Structures are given as C-alpha cells and as structure tokens.
J.: 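This is the structure, below, for whatever I ask next.
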There are 2 protein chains.
Amino acid sequence: MGISKTEHFTERQNELATLAKALGHPARIAIIDFLLKTESCICGDIVNELPLAQPTVSQHLKELKNAGIIKGSIEGNAICYCINEVTWNKFKAFLESLFETYNLKNNCC
Amino acid sequence: MGISKTEHFTERQNELATLAKALGHPARIAIIDFLLKTESCICGDIVNELPLAQPTVSQHLKELKNAGIIKGSIEGNAICYCINEVTWNKFKAFLESLFETYNLKNNCC
DNA sequence: ATATTATATCGTAATATTGCAATATACAAA
DNA sequence: TTTGTATATTGCAATATTACGATATAATAT
C-alpha cells in the first residue's frame with residue numbers, strides 16, 4: 001500500500017530504516033558529503049553545489065532534517081545547516097554494531 | 001517526478017544511495033538482522049520471521065538482492081539467502097570513510 | 001519604501017514503493 | 001502422478017517520492 005507497517009518492528013529497526021532511507025538518494029548523500037567536507041556548517045551555498053532546482057534541494061534538506069540527520073539555524077538572510085551530532089553518532093553506533101556482527105564465517109552459499 | 005537524476009552525481013554517491021535506500025525499510029533491516037544473527041545463510045525461514053505476507057517478504061528480498069546486499073542460491077526445495085560479502089564490505093568501507101570525516105569540531109550552529 | 005537575495009511552500013505531474021490476493025513455478029514426498 | 005511445500009510473479013490499490021514552476025516569506029541592501 002505504500003505505507004510501511006512500522007508497528008511490527010523494533011524501535012531500533014524503524015529508526016535505522018528511517019536514517020537509511022533519508023540517505024537513500026544521491027542528492028542527500030551529496031549534501032552530507034559537502035557538510036562533512038567543509039568541516040563546518042553551510043550557510044547559503046547548498047543549492048549552487050547541486051545539479052537540482054532550488055525547491056528540490058530545499059525538499060531534500062527538509063527530509064534530512066526530518067530524519068534528524070541535519071539541523072538548520074537561521075543566520076540573518078541565510079540558513080546554516082550542519083550535521084546533527086546526536087543523530088549522526090546514533091547512526092554510527094547502529095552501523096558499527098551491525099558491522100561488528102558480521103564476519104566471513106557467515107558464508108555458506 | 002519520482003525519478004532520481006543519478007547522472008549528475010558521482011558513482012560513489014549513487015552506489016551509497018542505492019545501498020542506503022535498500023536498507024531504508026524496517027522489514028529489510030529485520031532481514032539483515034536475522035541473516036547476521038544466525039551467522040549463516042537462511043534456508044527457508046524468512047517468511048515466518050516477519051510480520052508480512054509471503055509475497056511482500058519475497059519482494060523485500062528481491063530489493064535487497066537487486067542492491068547486491070544479499071545473494072540467494074537454490075537448495076532443492078528452499079532458497080538460501082546470505083549476505084553478499086563483497087557488497088557488504090563495500091558498504092562498510094563507504095560508511096567508515098564517512099564517519100572518519102566527521103569530528104565534533106564541525107559544529108557551529 | 002523598494003529591490004535583491006535566500007529559502008520555503010504550494011500545486012501538480014511523473015514515477016516509485018508498499019502490501020497482498022491470486023496465481024505460477026519448481027522441487028520433494030507419497 | 002498427485003499432493004504438499006517453498007518461493008516467485010502478476011496485478012492492482014493505496015500511498016510516497018522526486019522534480020520543478022510559481023509563489024510566498026523574510027531578511028538585507030539601496
């Protein structure tokens with residue numbers, strides 16, 4: 001139906017899926033790349049970095065913000081976006097835990 | 001338009017987005033969790049583990065397979081699924097690289 | 001006050017995703 | 001060969017996503 005049955009899964013599974021989904025578009029990866037690369041907040045420079053129209057970029061930023069991956073604060077005329085360290089660290093912890101679980105002995109096919 | 005303009009992004013950005021998107025559903029996280037937890041391939045036991053109908057599970061498995069995250073092989077009556085270690089390690093490397101870039105000095109908002 | 005600049009929101013079209021019943025396929029067991 | 005079991009595919013309805021032009025909002029500069 002296009003709507004996920006989130007109530008049947010654990011909170012961790014839902015959270016991790018939400019974060020992964022938010023990163024599931026190249027434009028949003030590019031935004032995160034840029035935020036990480038510049039090593040500071042981005043104040044009014046994202047649209048020029050992406051090959052997409054301004055409303056589209058705004059929408060992608062909104063999705064990253066909804067997932068809690070970035071946060072924005074108004075700086076006069078512009079808006080400064082940066083990584084939300086709380087969510088980012090949570091995401092990192094989720095994944096490190098997943099990666100820890102895996103070792104090559106798993107393979108039997 | 002519902003169609004991503006992948007041609008404007010780097011191959012890495014597209015690949016990482018594809019992998020993240022494939023993990024962007026709690027059922028698919030649950031499948032991966034189960035594959036990692038059992039520490040071996042799963043031969044005919046996935047549908048019973050998930051609160052979804054068999055065709056829906058089959059579809060999620062297909063998406064994970066399309067993204068290269070899992071692979072399946074026919075074992076008589078059943079099908080054995082397991083993590084595709086090549087893709088998984090690539091995913092891990094992508095993310096470790098992302099996480100390395102980030103440090104708390106980034107924050108200014 | 002008016003123009004400029006940066007960003008968000010609205011509206012809409014195209015496409016994708018999610019979910020499942022019904023059905024098909026393919027092997028195994030009787 | 002028929003029956004059962006496991007999985008995939010098809011078809012469809014509901015919903016979500018992607019993209020962008022038009023427009024709105026809000027601060028800055030003139």
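As the structure is a prediction and not an experimental result, all values here were calculated from the model. Convention: sequence-line order gives letters A, B, ...; per-chain numbering from 1.
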J.: Within the pair A:K21 and D:dA16, is there a side-chain N or O less than 4.0 Å away from OP1 or OP2?
T.: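 No, outside the criterion.
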J.: Give the rounded distance in Å between these two atoms: NZ of A:K71 and C1' of C:dT7.
T.: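 About 20 Å, once rounded to whole Å.
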J.: Looking only at heavy atoms, what is the nearest atom pair of A:I69 and A:A22, with distance?
T.: CD1-CB, 3.8 Å
J.: Taking atom P of D:dA16 as reference, at what distance in whole Å does atom NE2 of A:H25 sit?
T.: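 Atom NE2 in A:H25 sits about 18 Å away from atom P in D:dA16.
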J.: Suppose the criterion is side-chain hydrogen bond (donor to acceptor under 3.5 Å, both in side chains): which pairs have a residue in residues 54-63 of chain A, not counting sequence neighbours?
T.: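 Applying side-chain hydrogen bond (donor to acceptor under 3.5 Å, both in side chains) to every pair that reaches into residues 54-63 of chain A, excluding sequence neighbours, yields A:R28-A:H60, A:R28-A:E63.
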J.: Taking N and O atoms by type only, does the side chain of B:Q54 place a donor or acceptor under 3.5 Å from a partner on the base of D:dA8?
T.: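 Counting by modelled atom types and ignoring angles, a donor-acceptor contact under 3.5 Å is found here.
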J.: Between D:dA16 atom C1' and A:N66 atom CG, what is the distance in whole Å?
T.: 14 Å
J.: Hey, is the side chain of A:K62 poking within less than 4.0 Å of OP1 or OP2 on C:dT7, counting only N and O atoms?
T.: no
J.: To the nearest 0.5 Å, how far apart are OG1 in B:T10 and CD in B:Q13?
T.: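 Atom-to-atom, B:T10:OG1 and B:Q13:CD are 3.5 Å apart.
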J.: OP1, OP2 of D:dA19 versus side-chain N and O of A:H60: anything below 4.0 Å?
T.: yes
J.: Given D:dC20, D:dT15, D:dT7, which nucleotide is nearest the side-chain atoms of A:A53?
T.: D:dC20
J.: Could you give the distance from NZ (B:K92) to OG (B:S97), rounded to the nearest 0.5 Å?
T.: 14.0 Å
J.: If I take atom CG in residue A:L50 and atom C1' in nucleotide D:dC20, what distance separates them, rounded to the nearest angstrom?
T.: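 Between C1' of D:dC20 and CG of A:L50: 15 Å.
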J.: What's the CD1-P distance between B:I3 and C:dT12, to the nearest Å?
T.: 23 Å
J.: If you pin B:I79 and A:G24 to their nearest nucleotides in DNA chain D, which one's is more 5'?
T.: B:I79
J.: What is the distance, to the nearest angstrom, from the NZ atom on A:K5 to the P atom on D:dA16?
T.: 15 Å
J.: Could you check whether A:K90 pairs with A:E85 (Lys NZ or Arg NE/NH1/NH2 to Asp/Glu carboxylate O, under 4.0 Å)?
T.: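 No salt bridge links A:K90 with A:E85.
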J.: Measure from CD on A:E7 to P on C:dG19 and round the result to the nearest Å.
T.: 9 Å
J.: So what does B:Q59 touch, heavy atoms closer than 4.0 Å: a base, only the sugar-phosphate, or nothing?
T.: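 Base contact.
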J.: Using 0.5 Å steps for rounding, measure from the CD1 atom of B:I70 to the SG atom of B:C82.
T.: 8.5 Å
J.: Does D:dT7 have its OP1 or OP2 closer than 4.0 Å to a side-chain nitrogen or oxygen of B:S58?
T.: no
J.: Side-chain N or O of B:Y81 versus OP1/OP2 of D:dA6: is the shortest distance under 4.0 Å?
T.: no
J.: With nearest nucleotides of DNA chain C determined for A:T6 and A:A78 from heavy-atom distances, which residue corresponds to the more 5′ nucleotide?
T.: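 Comparing both residues, the 5'-ward one is A:A78.
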J.: Roughly, in whole Å, what's the span from CD in B:E49 to P in D:dA6?
T.: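 It works out to 14 Å between those atoms.
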J.: I need the B:Y81 OH to B:L64 CG distance, nearest 0.5 Å.
T.: 9.5 Å
J.: Just one of B:L36, B:I32, B:D33 clears the side-chain contact (heavy atoms from CB on, under 4.5 Å) bar with A:T101, so which one?
T.: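 Going through the options one by one, the only one that passes is B:L36.
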J.: Give me the distances for all protein-to-nucleotides 25-30 of chain D N/O pairs that come in under 3.5 Å?
T.:
none

